[in-house]
Amino acid sequence: MSPSAPPFSPNAPRQVEILAFPDVQLLDVAGPLQVFATACDLAERRAPGAAPPYAAVVVAAGAGPVRCSAGLGLAAVPLPPPDAPLDTLVVAGGRGVGAASHDPATLRWVTARAGHVRRIASVCSGAFLLAAAGLLDGRRVATHWDHCEDLQRRHPGLRVEPDPIYLRDGPVWTSAGVTAGIDLALAMVEDDLGRDAALAVARQLVVFLKRPGGQAQYSAALALQAADARFDRLQSWMADHLAQDLGIAALARRAGMSERSFVRHYRVATGLTPARAVERLRVEAARSLLAESATPVKRVAERCGFGTDETMRRSFLRVLGASPQDYRERFGRRAAG
């Protein structure tokens with residue numbers, strides 16, 4: 001990517017291209033596109049006649065409409081010259097991304113285009129295309145949780161993170177699935193125009209303000225229950241009794257297994273040790289309390305089974321990379337308002 005912004009006038013619209021291809025995911029394109037369009041609509045209301053903040057367009061190889069996986073045809077313009085000035089390139093995802101990622105002409109265009117943009121982004125499985133173009137090597141990357149293992153296996157030079165809604169690593173932005181593209185675009189608006197502008201767009205679109213990128217894609221309880229049906233009842237009980245003894249001995253008794261057998265089978269089924277699974281469930285419950293209530297941190301630690309606030313602090317740092325207090329300041333109701 002270009003080390004400096006393209007040579008646009010400060011008052012000119014930021015040029016945005018969203019790359020589509022046959023069988024693209026509709027909302028991967030429409031979500032970010034609508035965020036940028038709404039930012040322009042609101043700017044026009046505030047200052048009629050002024051230049052809009054964005055000029056966004058859908059681009060694709062070939063002529064004619066691009067048929068998305070939902071069956072709708074998207075009006076796209078042909079791929080522009082790769083060296084034309086551009087602010088932001090967004091690569092959408094969808095079930096057609098595999099074919100696009102193996103198309104030499106598309107890869108050449110994306111690689112060349114990346115050398116003339118201020119920032120580049122992917123939505124959902126669009127990360128596979130950026131990775132195939134060599135643009136994600138050595139970077140932290142987000143994609144849909146169901147594609148994380150495959151992306152990491154195919155591109156071991158990436159640092160694929162399964163939890164975040166979106167990630168920013170220098171000029172490269174990547175996001176999780178479908179609606180996370182809206183969160184990513186809102187974060188870009190905030191970066192360009194400020195927090196108030198991003199929140200105004202979010203309110204206009206009737207989405208829940210702006211979810212920070214560090215929020216989890218899906219719940220720990222749901223992830224554990226989806227792992228293996230053998231432990232469904234145990235997982236539900238664990239989530240409902242976080243303040244109780246959830247040590248290996250207690251869990252093995254409830255599962256009707258020996259401790260050794262329980263640890264082995266549980267790890268195979270979930271990919272986690274029982275202790276790590278309990279920690280994630282407790283952290284998730286604590287996150288909710290910290291974000292949605294004014295309950296003191298010490299009381300949150302007790303209610304969620306950590307015992308002490310110091311134990312909870314260590315777990316938060318290990319799982320989230322932030323202390324409970326930092327998490328509340330960033331994600332709490334007061335911070336979101």
Side-chain angles (χ1 to χ4, degrees), residues 140 142 145 148 159-169 176 183 208-227 231 233-255 257 259-260 262-337:
R140 299 171 63 219
W145 61 267
C148 287
R159 296 163 54 194
V160 181
E161 300 187 14
D163 287 333
I165 292 173
Y166 64 84
L167 284 172
R168 179 182 183 180
D169 189 335
D183 297 287
F208 182 69
L209 295 180
K210 184 181 71 67
R211 295 184 294 175
Q215 297 252 30
Q217 289 190 40
Y218 58 96
S219 75
L222 178 61
L224 291 172
Q225 288 184 356
F231 294 108
R233 292 181 63 184
L234 178 63
Q235 314 287 15
S236 296
W237 183 87
M238 290 160 60
D240 290 338
H241 298 83
L242 293 176
Q244 295 189 19
D245 176 15
L246 298 184
I248 290 175
L251 295 178
R253 283 196 302 272
R254 180 160 287 274
M257 299 179 178
E259 294 181 26
R260 185 174 180 179
F262 170 68
V263 171
R264 183 176 70 254
H265 286 291
Y266 190 90
R267 187 163 193 169
V268 169
T270 67
L272 297 172
T273 65
R276 283 289 174 259
V278 169
E279 180 180 57
R280 289 195 178 188
L281 288 170
R282 284 174 168 158
V283 166
E284 181 171 271
R287 287 167 66 169
S288 179
L289 283 173
L290 290 168
E292 300 297 329
S293 77
T295 306
V297 171
K298 184 175 182 179
R299 179 59 178 150
V300 170
E302 294 171 352
R303 287 180 59 180
C304 295
F306 289 103
T308 68
D309 51 353
E310 176 57 25
T311 300
M312 184 169 75
R313 188 186 73 85
R314 289 197 298 268
S315 288
F316 264 62
L317 290 173
R318 181 163 44 245
V319 175
L320 303 177
S323 70
Q325 190 61 44
D326 288 341
Y327 185 87
R328 169 169 273 170
E329 290 175 359
R330 184 175 180 189
F331 298 137
R333 284 183 172 177
R334 183 172 300 176

Under 4.5 Å between any side-chain heavy atoms of [X] and [Y], yes or no?
X: R314; Y: F306; value: no
X: R318; Y: R276; value: yes
X: L234; Y: F262; value: yes
X: T273; Y: Y266; value: no
X: V300; Y: P324; value: no
X: S323; Y: R328; value: no
X: L251; Y: V278; value: yes

Task: Salt bridge flag under 4.0 Å for residues R313 and E310 - done: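 E310 and R313: salt-bridged.
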Task: Ion pair R287/E284, N-O distance below 4.0 Å - done: no
Task: Whether H241 and W237 hold their rings parallel, tilted or perpendicular, with breakpoints at 30° and 60° - done: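 Parallel.
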- [ ] Say whether, by atom type as modelled, one donor and one acceptor occur between the side chain of D309 and the main chain of V297 under 3.5 angstrom.
- [x] no
TODO: Go through the steps to decide whether V283 and Y327 satisfy the test side-chain contact (heavy atoms from CB on, under 4.5 Å), and finish with yes or no.
DONE: CA-CA 11 Å; V283 166; Y327 185 87; over 6 Å; no
